[in-house]
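Remarks on the structure that follows.
These values consider heavy atoms only, across backbone and side chains, with no hydrogens, waters or symmetry-generated copies. Counting convention: from 1, in listed order, for ligands and their atoms alike.
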Amino acid sequence: MVSRLDVLFTIYIKFLLLSCLQWLMAHPKFLKNQLYLAGDSYSGKIVPMIAQEISEGLDAGIEPILNLKGYMLGNPVTDENKDINSRIQFSYLKALITHEIYESAKINCKGDYMNVDPSNGLCKADLQNVTTCTQNLYLANILEPDCSIYASPKPKLLNWHRSIFMEQDFSHFLLSPTRPPTPWCRGTIKDWARCNRTLSYTKDISSSLNYHRNLIKRGYRVLIYSGDLDMAIPYVGTETWIKSLNLTTDSGWQPWSVEGQVAGLVN
Ligand SMILES: *[C@@H]1O[C@H](CO)[C@@H](O)[C@H](O)[C@H]1NC(C)=O
Ligand SMILES: *[C@@H]1O[C@H](CO)[C@@H](O)[C@H](O)[C@H]1NC(C)=O
Ligand SMILES: *[C@@H]1O[C@H](CO)[C@@H](O)[C@H](O)[C@H]1NC(C)=O
């Protein structure tokens with residue numbers, strides 16, 4: 001059975017692909033160029049799906065023939081269990097929670113903070129401690145001030161609940177024109193409306209790992225990068241799913257420099 005999200009997703013993927021194809025048909029001189037897809041955040045699901053769609057089109061000889069070489073993703077939503085679960089380890093690594101809270105949660109929740117047995121009081125108490133320590137942070141960058149408290153009448157709270165992915169309130173990106181801008185919350189908008197979130201659908205594409213596995217096997221080049229202050233899709237969760245692909249490495253973890261300064265670390 002195809003769920004409503006499947007339908008939405010499939011249509012969306014085909015629409016995005018069609019838009020690219022239309023543009024390329026209108027500008028055929030670019031058709032021979034190497035094609036890399038790129039995206040961030042929720043695109044961690046969309047980009048691999050589009051890449052696979054193109055790849056299958058190539059196998060079937062569908063014109064125009066695109067010169068797809070690979071794709072890149074930043075802090076990509078990939079596997080919701082691994083991504084969200086890793087927030088606890090991330091909180092510990094960033095000294096947001098104590099070693100005791102981390103160890104206690106790990107033992108009492110058996111490492112699974114997403115599917116908590118409602119009768120597991122010890123685990124729930126540990127997660128409550130985590131919530132207390134992290135709930136007022138700005139999820140997308142733990143060092144940035146949380147602009148949402150100025151923009152949203154209902155500040156989001158970081159809770160350990162499965163629904164957090166879809167229920168996350170992004171209205172903090174939409175600064176209300178009635179509130180004066182603060183030095184750190186810049187921008188002006190007019191008449192932004194909240195999304196209508198009453199649409200009900202089943203979310204059954206919970207992981208894009210199989211798409212990655214497939215595309216890597218087919219020889220496409222993949223660059224995954226992660227900003228390590230993002231607690232929404234923490235780098236530790238990203239490392240976990242990359243490791244689960246059992247890839248071989250050419251070199252160890254090492255600094256990547258730009259103009260003599262360390263700009264990141266690569267593997
Ligand atoms: C969790 O918080 C409660 C209440 O503040 C406290 O009694 C308990 O020791 C905390 N647990 C850990 C592991 O720090
Ligand atoms: C939101 O969507 C639901 C279901 O499609 C609809 O019944 C409702 O009227 C919509 N609300 C707004 C404010 O558009
Ligand atoms: C990776 O290796 C582990 C341990 O050998 C194995 O259990 C797992 O199935 C492998 N995963 C993949 C995607 O090959």
Side-chain angles (χ1 to χ4, degrees), residues 41-42 44 74-173 179 182 184-185 194 197 203 206-209 224-245 253 264-265 267:
S41 194
Y42 206 76
N75 290 73
V77 173
T78 302
D79 185 291
E80 291 182 7
N81 269 314
K82 289 187 174 72
D83 289 331
I84 298 190
N85 224 36
S86 75
R87 289 178 186 176
I88 303 265
Q89 190 190 1
F90 177 89
S91 305
Y92 169 58
L93 292 170
K94 292 294 178 194
L96 303 173
I97 58 174
T98 62
H99 184 69
E100 286 72 23
I101 294 177
Y102 178 52
E103 286 300 323
S104 182
K106 220 163 54 169
I107 292 165
N108 291 327
C109 307
K110 301 185 176 65
D112 184 353
Y113 315 110
M114 293 284 290
N115 309 290
V116 177
D117 176 354
S119 68
N120 186 345
L122 290 173
C123 171
K124 286 201 308 199
D126 287 331
L127 295 186
Q128 182 53 52
N129 288 3
V130 175
T131 299
T132 305
C133 297
T134 57
Q135 66 185 354
N136 291 321
L137 291 170
Y138 178 45
L139 194 64
N141 183 336
I142 56 164
L143 296 187
E144 285 283 319
D146 185 353
C147 293
S148 66
I149 54 170
Y150 297 95
S152 170
K154 205 176 95 206
K156 59 167 177 48
L157 289 183
L158 183 48
N159 273 309
W160 295 102
H161 191 264
R162 178 172 276 280
S163 66
I164 189 168
F165 247 106
M166 292 315 282
E167 301 311 320
Q168 237 177 64
D169 183 357
F170 287 107
S171 59
H172 55 284
F173 289 132
R179 288 159 208 259
T182 64
W184 55 81
C185 300
R194 276 175 192 275
R197 293 186 181 269
K203 226 159 47 98
S206 65
S207 173
S208 54
L209 253 182
I224 305 292
Y225 59 94
S226 180
D228 67 354
L229 297 176
D230 182 351
M231 186 164 167
I233 306 297
Y235 71 97
V236 276
T238 302
E239 280 180 335
T240 304
W241 69 253
I242 291 176
K243 277 189 188 133
S244 80
L245 293 172
W253 192 240
L265 291 142
N267 199 0

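Heavy atoms only, all atoms of each residue included: S91 and M231 are closest at OG-CE, 3.2 Å. Residues L137 and L96 share a closest heavy-atom pair of CD1-CD1, 3.6 Å. The minimum heavy-atom distance between V77 and I233, with the atom names listed, is CG2-CD1, 3.6 Å. The heavy-atom pair separating T78 from P76 by the smallest distance is OG1-O, 3.0 Å.
Exactly one of D117, N115, L127, I88 qualifies for a side chain to side chain contact (heavy atoms under 4.5 Å, CB included) with C109. That residue is L127. When each of D230, L229, I224, D83 is tested with N75 by the rule side chain to side chain contact (heavy atoms under 4.5 Å, CB included), just one qualifies, namely D230.
For ligand 1, the 4.0 Å heavy-atom shell takes in E100, I101, N129, ordered by chain and residue number.
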